[in-house]
Novice: 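Take a look at the following structure, please.
Chain letters run A, B, ... following the sequence lines, proteins first and then strands; every chain starts at 1.
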Protein chains: 2
Amino acid sequence: MKTQAIGELSRKTGVHIETIRYYEREGILPTPMRSPAGRRIYSDEDVRRLNFIHKCRGLGFSLKEINSLLSLVDSGDFACKEVHELTIHHAGQITEKIVDLKKMEGVLQAMAAQCNQGNVPQCPIIDSLFDA
Amino acid sequence: MKTQAIGELSRKTGVHIETIRYYEREGILPTPMRSPAGRRIYSDEDVRRLNFIHKCRGLGFSLKEINSLLSLVDSGDFACKEVHELTIHHAGQITEKIVDLKKMEGVLQAMAAQCNQGNVPQCPIIDSLFDA
DNA sequence: CTTGCTTCTGTAGTAACTACAGGATACATA
DNA sequence: TATGTATCCTGTAGTTACTACAGAAGCAAG
């Protein structure tokens, strides 16, 4: 499939049609081609870009941060040192998030296991997690 | 230290004072004790709870989801089967997030390495990530 | 050519903050 | 004790990131 309307883009990505138009207004998605009747036409590149944005939002990145990540890619002509610093900064953020999520994952799996055996877990999340 | 005012809770957790009061209004933080003059007094338990909430928000969980996670802990008297299902559901969500973040981490680190060598990276994020 | 689905613009509502305004309280120091 | 500075209070209004219509127009099938 080469191009698609907004409805199909929405179905493929799980992003509401209204949100797609919102992202366009905010400049996170590029202004798409239009059909003769004025309907938006999207490419598979747009599908991938929107998937990326959607995942990032689900991971707690703001639209501003996502723009910053995307601009690493969008501009082919940039100062490499700045890109390097920005990239390292983002990677550090992401590593921290992974650490936190792994802690949560471990505690929740332990809870589920305890629960499975008919025991009531004794408040493990708050006690063992995120004290610092 | 045993108890503290809202300012210190804010400093310890990195959560704005206004946001702490907002969480209280929304029922995510319990209504705290008050000093004779009517000022909020917080315990170290509150510090831990707020840290947890703050981290979860940064990881893309909604306040509703956080409430659901916290209620696994808050209610000591619940049906174990439901808790088990909810816990497994949350753990699954978290595992997915970890997978996505690891992909991002890998690509960003590769970008930084390329950049380090003076090469301009050729659009790796969108191309290699989140196609599905 | 009509019925139903999709899309359009525009506006208004919601979630989760964030930023004051205007006033009271606490507390260290001259 | 006075006073200045910091902190806290309530309340309201603004911001970000959606989300949900309303009303009109386009498109596709029977």
Novice: Please check: side-chain N/O of B:E65 versus main-chain N/O of B:S62, any donor-acceptor pairing under 3.5 Å?
Specialist: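 Yes; judged by distance alone, with no hydrogens or angles, the pair exists.
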Novice: Is the shortest side-chain N to carboxylate O distance from A:E45 to A:R49 below 4.0 Å?
Specialist: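 No, no charged N to carboxylate O under 4.0 Å.
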Novice: With nearest nucleotides of DNA chain C determined for B:I53 and B:P36 from heavy-atom distances, which residue corresponds to the more 5′ nucleotide?
Specialist: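 The answer here is B:I53.
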Novice: For the pair made of NE2 in B:H16 and P in C:dC20, what is the distance, rounded to whole Å?
Specialist: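 It is 12 Å, rounded to the nearest whole Å.
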Novice: Rounded to the nearest Å, what distance is computed from the CG atom of residue A:L9 to the C1' atom of nucleotide C:dT7?
Specialist: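 Taking CG of A:L9 and C1' of C:dT7, I get 13 Å after rounding.
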Novice: Any side-chain heavy atom of B:D44 within less than 4.5 Å of one from B:K2?
Specialist: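 No, their side chains stay 4.5 Å or more apart.
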Novice: Would you give the length of the straight line joining atom CD1 of B:I66 to atom OG of B:S71, rounded to the nearest 0.5 angstrom?
Specialist: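 Rounded to the nearest 0.5 Å, the CD1-OG separation comes to 12.0 Å.
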Novice: Going from CG on A:L29 to CG on A:L70, what distance comes out if it is rounded to the nearest 0.5 angstrom?
Specialist: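 Result: 9.0 Å between the selected atoms.
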Novice: Within this structure, what is the CD-to-P distance between A:E26 and D:dT19, rounded to whole angstrom?
Specialist: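 These atoms are roughly 14 Å apart.
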Novice: To the nearest Å, how far apart are B:N67 CG and C:dA15 P?
Specialist: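 About 13 Å, once rounded to whole Å.
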Novice: Quick check: do B:R39 and B:I6 have side-chain heavy atoms less than 4.5 Å from each other?
Specialist: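 When only atoms from C-beta onward are counted, B:I6 and B:R39 do not touch, as no gap falls below 4.5 Å.
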Novice: Considering non-hydrogen atoms only, spot the tightest contact between B:H54 and B:T13 and give its length.
Specialist: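 Here B:H54 and B:T13 meet closest at CD2-O, 3.4 Å.
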Novice: Restricting both atoms to N or O, compile the protein contacts to nucleotides 27-29 of chain C shorter than 3.5 Å, with distance only.
Specialist:
none

Novice: Checking side-chain polar atoms at under 3.5 Å, does B:D46 have a donor or acceptor matched by the opposite partner on B:Q4?
Specialist: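 B:D46 vs B:Q4: no donor-acceptor pair found between side chains.
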Novice: Rounded to whole angstrom units, what separation is found between the CZ atom of A:R57 and the C1' atom of C:dA16?
Specialist: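 About 11 Å, once rounded to whole Å.
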Novice: Treat primed atoms plus P, OP1 and OP2 as sugar-phosphate and everything else as base, then score nucleotides 1-14 of chain D 5' to 3': B for base contact with protein heavy atoms under 4.0 Å, S for sugar-phosphate contact only, - for none.
Specialist: ------BSSB----
Novice: Could you state the CE-C1' distance from A:M33 to C:dT7, rounded to the nearest angstrom?
Specialist: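 It is 18 Å, rounded to the nearest whole Å.
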Novice: Taking only N and O in the side chain of B:Y23, is any of them less than 4.0 Å away from OP1 or OP2 of C:dC17?
Specialist: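 True: B:Y23 side-chain N/O within range (under 4.0 Å) of C:dC17 OP1/OP2.
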Novice: Counting only pairs under 3.5 Å, give me each side-chain donor-acceptor contact of residues 14-28 of chain B, with atom names and distances, residues two or more places apart or in other chains.
Specialist:
| from | atom 1 | to | atom 2 | distance (Å) |
| --- | --- | --- | --- | --- |
| B:E24 | OE1 | B:R40 | NE | 2.7 |

Novice: At less than 4.0 Å, is any side-chain N or O atom of B:T19 found next to OP1 or OP2 of C:dC17? Yes or no.
Specialist: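 So the side-chain polar atoms of B:T19 never come under 4.0 Å of the phosphate oxygens OP1 or OP2 of C:dC17.
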Novice: Under 4.0 angstrom, heavy atoms only, what part of the nucleic acid is A:S35 near: base, sugar-phosphate, or nothing?
Specialist: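 Counting heavy atoms under 4.0 Å across all strands, no contact is made by A:S35.
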Novice: I need the CD-C1' distance between A:E24 and C:dT7, as an integer number of Å.
Specialist: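 After rounding, the reported distance stands at 13 Å.
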Novice: Mind calculating the distance between OH (A:Y22) and C1' (D:dC18) to the nearest angstrom?
Specialist: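 For the pair A:Y22 OH and D:dC18 C1', the rounded distance is 7 Å.
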